[in-house]
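Just so it is clear, the structure is predicted and the values come from calculations on it, not from any experiment. The sequence lines fix the lettering, A, B, ..., with proteins before strands; numbering per chain opens at 1.
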Amino acid sequence: MSDSVTITIDGRNIEARPGQTILEAADAAGIYIPRLCSHPDLKPIGSCRVCTVVVDGRPQAACVKPVMDGMVVQNSTPELLQHRRNIVDMMFVEGNHFCMFCEKSGNCELQAMAYRFGITAPQYPFQFPEKEVDASHPDILLDHNRCIMCARCVRASQELDGKNVFQSIGRGFARKIGVNGERALGDTDMAATDKAADICPVGCIVRKRVGFEKPIGQRLYDTRPIGSDIEEVRA
Amino acid sequence: MGTRKIVIEPVTRVEGHGKVTILLDEAGQVSQARLHIVEFRGFERFIQGRPYWEIPVLVQRLCGICPVSHHLAAAKAMDGIVGVDRLTPTAEKMRRLMHYGQMFQSHALHFFHLVSPDLLFGFDADPLERNVIGVARKYPELAVQGVMMRKYGQEIIKATAGKKIHGTGAIPGGINKNLSIAERDGFLKEIDQMLAWCRTSLTIARDYTLEHLDELADFGSFDSNHVSLVRADGAMDLYHGNLRAIDKDGNRIFDQVDYQGYFKYIAEEVKPWSYMKFPFISSLGPETGWYRVGPLARINACDFIDTPEAEVARKDFLSVTDGQPNNITMAYHWARMVELLHAGEKIRELLHDPDLQGGDLVLKGERRGESVGLIEAPRGTLFHHYKVDENDQVTMANLIVSTTNNNTPMNRAVEGVARKYLSGAEITEGLLNRVEVAIRAYDPCLSCATHAMGRMPLVVELHDAAGRTLDRRVRD
C-alpha cells in the first residue's frame with residue numbers, strides 16, 4: 001500500500017494518507033468542510049450531515065468516508081451549500097435556541113455556522129418544543145433546549161472519560177440525550193473534570209457559574225468565522 | 001348629548017405602547033381619565049427555572065431603551081446571590097460608568113427626540129411640524145447635539161458592556177472587562193464638548209420652565225410623596241444607596257432603608273383596567289401612599305449632589321419652590337437636565353480614575369437563596385427581587401419597574417390635564433396633545449412597566465352614551 005493517495009477537492013489535487021477521512025485530509029490541506037458532530041478527539045459517526053460532500057457523484061459524510069486514490073470530491077457547490085444551510089436551519093427550529101441570552105453566544109459552533117452561512121432568520125417554522133433544564137449536578141448544567149443531538153457528549157463520556165454518562169434515547173422528534181442516573185445528571189458519576197463537560201458545540205452542556213465571564217469581542221467567533229483556523233493552514 | 005368616551009391610542013413620543021381613555025358626562029365635563037397599559041410581557045414567570053448567572057443578560061431584554069438599568073439591577077441582585085456585598089473598585093466603577101453612560105444617552109434621547117418638539121413649537125403647533133423631523137429642520141444644531149450626545153452615551157455602554165444594546169458586562173460578583181487606555185482617551189477627547197452641551201440643554205429646560213411657570217405650575221401638577229435611593233450621607237446616587245421617602249413638604253416617611261427589605265415598606269395594588277400594578281408606601285396605604293420616582297423625586301429627596309455644576313443647578317432648581325420639594329409635573333424636564341449634567345460630570349470623574357484599568361474584576365462569596373437589586377434608572381427607582389434554589393435555578397422573580405412606580409402620578413396628571421383643558425371644550429388635537437405632554441413629562445417606558453401588559457402608542461375614541469363609537473383617532 002502506498003504512503004499517499006491523491007484526491008481532488010473542488011478541482012484541487014490533495015495529497016492524503018491512506019486511512020484518513022476526507023474531512024481529515026481536507027483539514028490538513030487547509031480546506032474547510034463545515035461540520036458540527038465531528039470532533040478531532042472523538043470517533044466520527046456521520047450524524048449531523050453538515051459535512052456532506054459529493055464523492056464521485058454521490059453525497060457522503062466527509063467525516064466518516066475514507067480517502068481513496070483518485071477520488072473526486074465536491075465541497076462547495078451551490079447545491080451543497082444550500083443543503084447545509086437547510087440542515088442548520090432545521091437545528092435552530094427544532095430546539096429553543098435563544099442566542100440573545102445564551103451564555104454560549106460567541107463561542108457556539110451552531111451560531112457560528114449560521115453566521116458563516118449567512119443565515120439571519122430561519123426559513124422553517126419554529127417548533128418551540130417543550131424541553132427540560134437539568135440543573136441537578138453541582139457543577140454542570142444540562143439545558144435540553146439547546147441540544148442538537150450531535151452525541152459528542154455520549155462519545156466523550158465513553159471514549160475519553162471511560163464512563164457512560166450520556167446516551168441517545170427515543171426516536172424521531174422525541175429523540176433526546178438521556179443520562180445514566182436515577183433521575184437526573186446529579187445522580188450520575190459525571191465529574192467536573194470529565195472531558196464530556198467541555199465537548200458540547202452548543203450551550204446544552206455548560207459549566208455552571210462561569211457564563212458571560214468572557215467579554216464580547218474576546219469570544220471565539222467574535223472576529224473570525226468558524227473554520228478560519230483551518231483555512232489559515234492553506235494561507 | 002349623552003356621556004362620551006375619548007380614547008387616545010397610541011400615546012406618542014413615549015417608549016412603549018399605551019392608551020388614554022377620557023369619559024365625558026352629559027354636560028361635557030370630564031368625569032374620569034385613565035392611562036392604560038396594554039402589552040403583556042411575562043418575564044417574571046418565564047425566567048423561572050433559568051440559571052441565575054443568565055438573568056442579567058436575559059432580563060435586560062425587557063427594554064431596548066434602557067436595558068442597562070435592568071442588566072445592572074439584576075446583576076446587583078445576583079451579587080447578593082453569590083454572596084458579594086462589595087465589588088472590587090474596578091468592577092463597581094466600570095458598572096457606574098456603564099450606568100452614567102446609560103443615563104446620559106437616555107436623558108438626551110428623551111429631551112431632544114421626544115420632548116423638544118412640544119417645548120420648541122408649542123403644544124398646539126401643527127403635529128406635522130411638532131416632531132423630531134421638524135426640530136431637525138428648524139433647529140439643526142440642536143438636533144445634531146441630541147444625536148451626538150446619545151451616541152456618546154451609547155459608545156460608553158459599548159466600552160463597558162461589549163455592545164451598545166443588550167451587552168454582557170456585569171456578571172454576578174463583578175464585571176467581565178475593564179476600560180482600555182485607548183477607549184478612555186477616546187472618551188476624554190469628547191467629554192468637554194459633551195459637558196458644554198449638557199449646560200446648554202439645562203439652560204433650555206430651565207428657561208422654558210421659568211418662562212412658562214404660571215401655566216406649568218398648574219399643568220397636571222399635584223402634591224405627592226417622592227421615593228429615591230440616596231447615599232448614606234444623603235447625596236444623590238444613581239447606582240447605589242438606601243431608600244428614602246419624603247412627603248410633599250419634604251418630611252421623611254422613611255429614610256436610609258436597606259433595600260433588601262423593600263417589601264416591608266412598599267406594597268403593590270392591582271386594578272382591573274390596567275396591566276400595570278400600582279405601588280404605594282405600605283404605612284400610608286394605597287389612597288395616600290402613592291409616590292413619584294425619577295429625576296424630580298431624586299432631586300427632591302437628596303440632600304445634595306456631589307458634582308459641583310449639578311449641585312449649583314440643583315440649588316437653582318429648588319429656589320423656585322424656596323428650597324421645598326418641587327411638585328410641578330413639568331419640572332421633570334428641568335430636573336432631568338440637571339441629572340444629565342451630573343451624569344456628564346460623573347463620566348469625566350470616572351474617566352480620570354485609574355481603577356478603571358484595574359485587573360480585579362470578580363469576587364465570589366457564600367451562596368444565598370434570595371436577594372434584591374435596586375438602581376436609579378433614568379425613569380426612576382427600579383426593583384429586582386429574586387429567589388434562587390440550591391441547583392442555581394431562579395424560583396421567584398418580582399420586578400417593580402421605574403415607570404410602574406409612577407403609575408398613579410401619571411394617571412393623576414392625565415386626569416388633571418383632561419379636567420382642566422377638555423371639560424366643556426371642543427376637543428382639538430392640541431388639547432389632546434396636552435394629555436400626552438403630561439404623560440411625556442414622566443418619560444414613561446410602558447414596555448418595561450408592564451408585567452402585566454403594555455401598549456403605549458395611543459388611540460382616542462369618542463363614544464356616545466350608548467357606547468357607540470362616534471370618532472376614533474389612532475397614532476402609532
Side-chain angles (χ1 to χ4, degrees), chain A residues 95-108 111 115 126 128-146 179 181 183-188 190 192 197 200 202-223, chain B residues 43 46-62 64 67 70-71 74-75 78 81-84 91 94 98 157-180 183 361-362 364-365 367 388-395:
Chain A
N96 297 308
H97 297 278
F98 295 103
C99 298
M100 72 286 279
F101 61 81
C102 178
E103 61 192 272
K104 194 79 172 193
S105 256
N107 296 308
C108 172
Q111 182 192 46
Y115 278 129
F126 283 109
F128 295 120
E130 292 260 340
K131 301 274 188 179
E132 295 158 23
V133 176
D134 180 350
S136 60
H137 194 281
D139 300 309
I140 313 286
L141 180 77
L142 175 58
D143 185 346
H144 291 281
N145 288 289
R146 301 166 179 163
V179 296
R183 288 165 292 113
L185 190 61
D187 307 323
T188 68
M190 173 116 193
C200 182
V202 290
C204 175
I205 299 173
V206 293
R207 292 186 177 275
K208 280 185 163 184
R209 299 178 289 277
V210 295
F212 307 104
E213 283 188 355
K214 193 71 98 175
I216 294 169
Q218 295 177 26
R219 301 170 307 183
L220 204 50
Y221 305 117
D222 276 339
T223 52
Chain B
F43 270 75
F46 68 65
I47 62 174
Q48 290 176 22
R50 299 307 309 170
Y52 72 78
W53 56 88
E54 197 177 87
I55 301 304
V57 177
L58 198 176
V59 82
Q60 66 178 336
R61 294 273 166 176
L62 264 165
H70 292 290
H71 181 56
M78 295 314 164
I81 293 296
V82 299
V84 174
M94 281 296 285
M98 192 194 301
I157 294 170
K158 186 182 176 194
T160 48
K163 275 167 72 187
K164 289 177 187 167
I165 305 173
H166 301 139
T168 66
I171 55 179
I175 193 92
N176 68 14
K177 76 183 290 279
N178 64 10
L179 194 73
S180 73
E183 288 168 327
L361 303 182
V362 191
K364 295 270 189 248
R367 263 293 306 277
V388 178
D389 69 13
E390 66 280 4
N391 284 341
D392 301 327
Q393 290 173 290
V394 172
T395 55

Report which part of Asn145(A) has an atom under 4.5 Å of a heavy atom belonging to chain B: side chain, backbone, both, or neither.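 Side chain only.
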Give, as side chain, backbone, both or neither, the part of Asp143(A) having an atom under 4.5 angstrom from any heavy atom of chain B.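 For Asp143(A), the side chain is the part near chain B, not the backbone.
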So, for Leu141(A) and Pro51(B), which heavy atoms are closest and what is the spacing to 0.1 Å?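 Shortest heavy-atom contact: CD2-CG, 3.8 Å.
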Among Glu54(B), Lys163(B), Lys177(B), which residue forms the greatest number of heavy-atom pairs with chain A at distances under 4.5 Å?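 Highest number of pairs under 4.5 Å: Glu54(B).
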Chain A contacts, top residue of Gln60(B), His166(B), Lys158(B), Arg50(B) (heavy-atom pairs, under 4.5 Å):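 So the answer, after comparing Gln60(B), His166(B), Lys158(B), Arg50(B), is Arg50(B).
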For the [atom1] atom of [X] and the [atom2] atom of [Y], what is their distance to the nearest 0.5 Å?
{"X": "Met100(A)", "Y": "Leu58(B)", "atom1": "CE", "atom2": "CG", "answer": "9.0 Å"}
{"X": "Asn391(B)", "Y": "Asp134(A)", "atom1": "CG", "atom2": "CG", "answer": "8.5 Å"}
{"X": "Arg209(A)", "Y": "Lys364(B)", "atom1": "CZ", "atom2": "NZ", "answer": "8.5 Å"}
{"X": "Phe212(A)", "Y": "Thr168(B)", "atom1": "CZ", "atom2": "OG1", "answer": "7.0 Å"}

Report which part of Ala161(B) has an atom under 4.5 Å of a heavy atom belonging to chain A: side chain, backbone, both, or neither.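 Contact with chain A is through the backbone of Ala161(B) alone.
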Checking Gln393(B) against chain A: side chain, backbone, both or neither under 4.5 Å from a heavy atom?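 Contact with chain A: side chain only.
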Can you tell me if OH on Tyr115(A) sees more than 12 non-hydrogen neighbours from other groups inside 6.0 Å?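 Count not over threshold, so no.
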Go through Lys208(A) and Trp53(B) one step at a time and tell me if the side chain to side chain contact (heavy atoms under 4.5 Å, CB included) criterion holds. CA-CA 9 Å; Lys208(A) 280 185 163 184; Trp53(B) 56 88; 3.5 Å; yes
